[in-house]
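Working notes, structure below.
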Amino acid sequence: MQLKTILLCLLLSPLCLCTQLPDNTSQQYAVRYVKDHWFMQNGENFNVIDTDIEWLEAIYYEQPQALQHYISELLFGRAATDFDSIYSAFRANYGQIVTGQLKTLPDDRRFCYVTIAAKVKAYSPDKWICYEINYTAKPEALSPVKAKAGRKFVVYDVGQKQVLNIEDILKSRIISSGSADPEFLDMLYAPIADKDFGEWLSTDIAGVWFENGGKTVALHVTCYTDRTTLDYDTRLPYKDVRYLLTKAGRRLVEKEAAKPTPQYVSPPATWNGDPVYKTADEMPLFKGGQEGLKDYLARSYSPAQMQGGRVMVSFVVDKEGWTKDVRVLNPVSPETDRQAVSIVKGMPQFTPGNINGNPVCVRIYGPIRFKLAAIQ
């Protein structure tokens, strides 16, 4: 017996005539998914930029400003809460997007390759959310861009409104001094092959976070040997490693979440300068109607490792009918959430919504349901 993940349906807002209203829906939880690939020219120099950012805009009805500041400073060099502004400024630093054919063959030595990513590792939306943040800049010999590389794992404490690093959660000295339980060390190093363990020089625990509602503690481990560097994640029962956690780490799991004072964080009122409506005279229409939508969803690929569940999404159908500004509002798991976003981003062009016969931007809300079905 095997398990296969099957996408069931996406229910859109009613496709009917209705009163036009701007969108001011409050967001309890909202992650915006931004993924771009740019080829930029800055004078004689060229930059290839890849971004994969899951930007948290609301959690437990509040804007996580401390986390937004931390991520934006790490990736963009300046603390900010307005993602669009800081993202635009970041791109401008690398020149103009190349859209046509170059007049001359570029010099490979003047290239720089930049990758930035901030991705959700796990969450308990009323208590914490964990991120892995990566940033690299690899300049060739004549590029003026400075080389840069780094990776961070952080946990945002929703109740305390603060960002926690590994030293805030894990008593690393107990591990590095060899004072941890032998059983813990056996589990920690279990993924290392015997041949590599024999050449082991040192270990660095770069990240710690919680999964399964706090029942599991996950660690990102880097082991250095004579021949190679080994990176892996390992997961251990919370009860077995509780003694290695700081007071702040234990509080995240064991203390009951405080009831929030909602700030009613709303999605942006505009997209590319145009108002975004929640309803319109005529709502956006998927080409082929509901039958076309069912056919598209039936053909959508769903990785087998995903969890079943209901992911609530929102997205803007712009004035040309394309899906933009995709967000997850009710998560299931990071992998399942990303698959729901991928399905929405891959949708073919809609017939756009309109007001008084003019196309407008409309935000759509609806669940994407994934069901685990047993197959022979």
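Using a 4.5 Å cut-off between side-chain heavy atoms of Ile, Leu, Val, Met, Phe, Trp and Tyr, with links allowed through other members, L236 and V155 fall into the same hydrophobic cluster. A continuous path of ILVMFWY side-chain contacts below 4.5 Å connects I133 to V163, so both sit in one hydrophobic cluster. When the side chains of ILVMFWY residues are joined at heavy-atom separations under 4.5 Å, either directly or via intervening members, I205 and V241 end up in a single hydrophobic cluster. Linking ILVMFWY side-chain heavy atoms closer than 4.5 Å, directly or via other members, places V217 and Y189 in a single hydrophobic cluster. Placement of M40 and L102 in two distinct hydrophobic clusters is found when ILVMFWY residues are connected by side-chain heavy-atom separations under 4.5 Å, directly or transitively.
Closest approach of L170 to T246, counting heavy atoms only: N-CG2, 4.0 Å. The minimum heavy-atom distance between P125 and V158, with the atom names listed, is O-CG2, 4.2 Å. Minimum heavy-atom separation, V253 to K127: O-NZ, 3.0 Å. Annotation for Q68 and L56: closest pair NE2-O, 3.0 Å, computed over non-hydrogen atoms. Of all heavy-atom pairs between P139 and K146, the closest is CG-C, 4.2 Å. Across all non-hydrogen atoms, the minimal contact from I166 to G207 is CD1-N, 3.8 Å.
Contact annotation: the side chain of D240 approaches that of M187 to within less than 4.5 Å [non-hydrogen atoms, C-beta and beyond]. Taking the side chain as every heavy atom from C-beta outward, S314 and P267 never approach each other to under 4.5 Å. In this structure the side chain of F370 never reaches within 4.5 angstrom of the side chain of V332, judged on heavy atoms. Put simply, the side chain of D107 does not reach to within 4.5 Å of the side chain of E140, judged on heavy atoms. The shortest side-chain heavy-atom distance between I97 and R91 falls under the 4.5 Å cut-off. Counting only heavy atoms from C-beta outward, the side chains of D274 and V360 never approach each other to under 4.5 Å. I129 is listed as a side-chain neighbour of L67, based on a closest heavy-atom distance under 4.5 Å. Annotation: side chain of N93 is not in contact with side chain of F76 (no heavy-atom distance under 4.5 Å).
The salt bridge (Lys or Arg N to Asp or Glu O under 4.0 Å) analysis of residues 205-218, with sequence neighbours excluded, yields the pairs E211-R235. Within the structure, the ring-ring contact (aromatic ring centres under 6.0 Å, His included) test picks out the following pairs touching residues 139-168 (sequence neighbours left out): F153-W209, F153-H220. For residues 126-145, the ring-ring contact (aromatic ring centres under 6.0 Å, His included) pairs, not counting sequence neighbours, are W128-F210.
For D36, the side-chain hydrogen bond (donor to acceptor under 3.5 Å, both in side chains) partners two or more places apart in sequence, or in a different chain, are Y87. Not counting sequence neighbours, the partners of K121 by the side-chain hydrogen bond (donor to acceptor under 3.5 Å, both in side chains) test are D233. Residues satisfying the side-chain hydrogen bond (donor to acceptor under 3.5 Å, both in side chains) criterion with D337, sequence neighbours excluded, are Y123. Listed by chain and residue number, R110 satisfy the side chain to side chain contact (heavy atoms under 4.5 Å, CB included) test with E44 (two or more places apart in sequence, or in another chain). Here D50 pairs with nothing under the salt bridge (charged side-chain N to carboxylate O under 4.0 Å, His left out) rule; sequence neighbours left out. In this structure R151 satisfies the salt bridge (charged side-chain N to carboxylate O under 4.0 Å, His left out) test together with D231, sequence neighbours excluded. Applying the side-chain hydrogen bond (donor to acceptor under 3.5 Å, both in side chains) criterion to S172, with sequence neighbours excluded, gives no partner residue. In terms of the salt bridge (charged side-chain N to carboxylate O under 4.0 Å, His left out) criterion, R173 has no residue partners (sequence neighbours excluded).
If you take NZ on K239 and CZ on R242, they are separated by 13.0 Å, rounding to the nearest 0.5 Å. The distance from the OH atom of Y113 to the OG atom of S143 is 10.0 Å, given to the nearest 0.5 Å. For the atom pair CG of N45 and CZ of R109, the computed distance is 11.5 Å after rounding to the nearest 0.5 Å. Note that the CG atom of N330 and the CZ atom of R327 stand 15.5 Å from one another [nearest 0.5 Å]. Distance CD/Q41 to OG1/T99: 10.5 Å, rounded to 0.5 Å. In this structure, L244 CG and R250 CZ are separated by 10.5 Å, a value rounded to the nearest 0.5 Å.
Of the possible donor and acceptor atoms, none in the side chain of Y33 sits under 3.5 Å from a partner among the backbone N and O of R338. Looking only at distances, no side-chain donor or acceptor of T81 sits under 3.5 Å from a matching main-chain atom of Q65. Panel note: side chain Y243, backbone D181; a donor-acceptor pair is recorded below 3.5 Å. Using modelled atom types, no side-chain atom of N356 and backbone atom of N358 make a donor-acceptor pair closer than 3.5 Å.
Clustering of Ile, Leu, Val, Met, Phe, Trp and Tyr by side-chain heavy atoms under 4.5 Å joins L142 with none of the others.
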Fill in: CA sep, side-chain torsions, deciding dist, call: N134, T115, side chain to side chain contact (heavy atoms under 4.5 Å, CB included)
CA-CA 8 Å; N134 290 279; T115 303; over 6 Å; no

Practice prompt. Using the side chain to side chain contact (heavy atoms under 4.5 Å, CB included) rule, take Q28 and L329 through it: C-alpha gap first, then chi angles, then the decisive distance, then the call.
Written response: CA-CA 7 Å; Q28 177 183 5; L329 306 181; over 6 Å; no

Worksheet item: Does the pair L293 and L297 meet the rule for a side chain to side chain contact (heavy atoms under 4.5 Å, CB included), with working shown?
Response: CA-CA 6 Å; L293 179 58; L297 295 176; 4.1 Å; yes

Discussion item. With side chain to side chain contact (heavy atoms under 4.5 Å, CB included) as the criterion, how do T351 and E282 come out once you've worked through the C-alpha distance, each side chain's angles and the decisive distance to 0.1 Å?
Written reply: CA-CA 10 Å; T351 299; E282 292 184 10; over 6 Å; no

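Each of V341, V34, V316, V31 was scored for a side-chain contact (heavy atoms from CB on, under 4.5 Å) with V326, with one residue passing: V341.
Ring geometry, W55 versus F83: the interplanar angle falls from 30° to 60°, so the pair is classed tilted. Aromatic ring orientation, W38 versus F90: tilted (interplanar angle from 30° to 60°).
In the displayed structure, Q349 atom CD is contacted under 6.0 Å by more than 12 heavy atoms of other residues, nucleotides or ligands. The environment of NZ in K152 is sparse: at most 12 heavy-atom neighbours from other residues, nucleotides or ligands sit within 6.0 Å.
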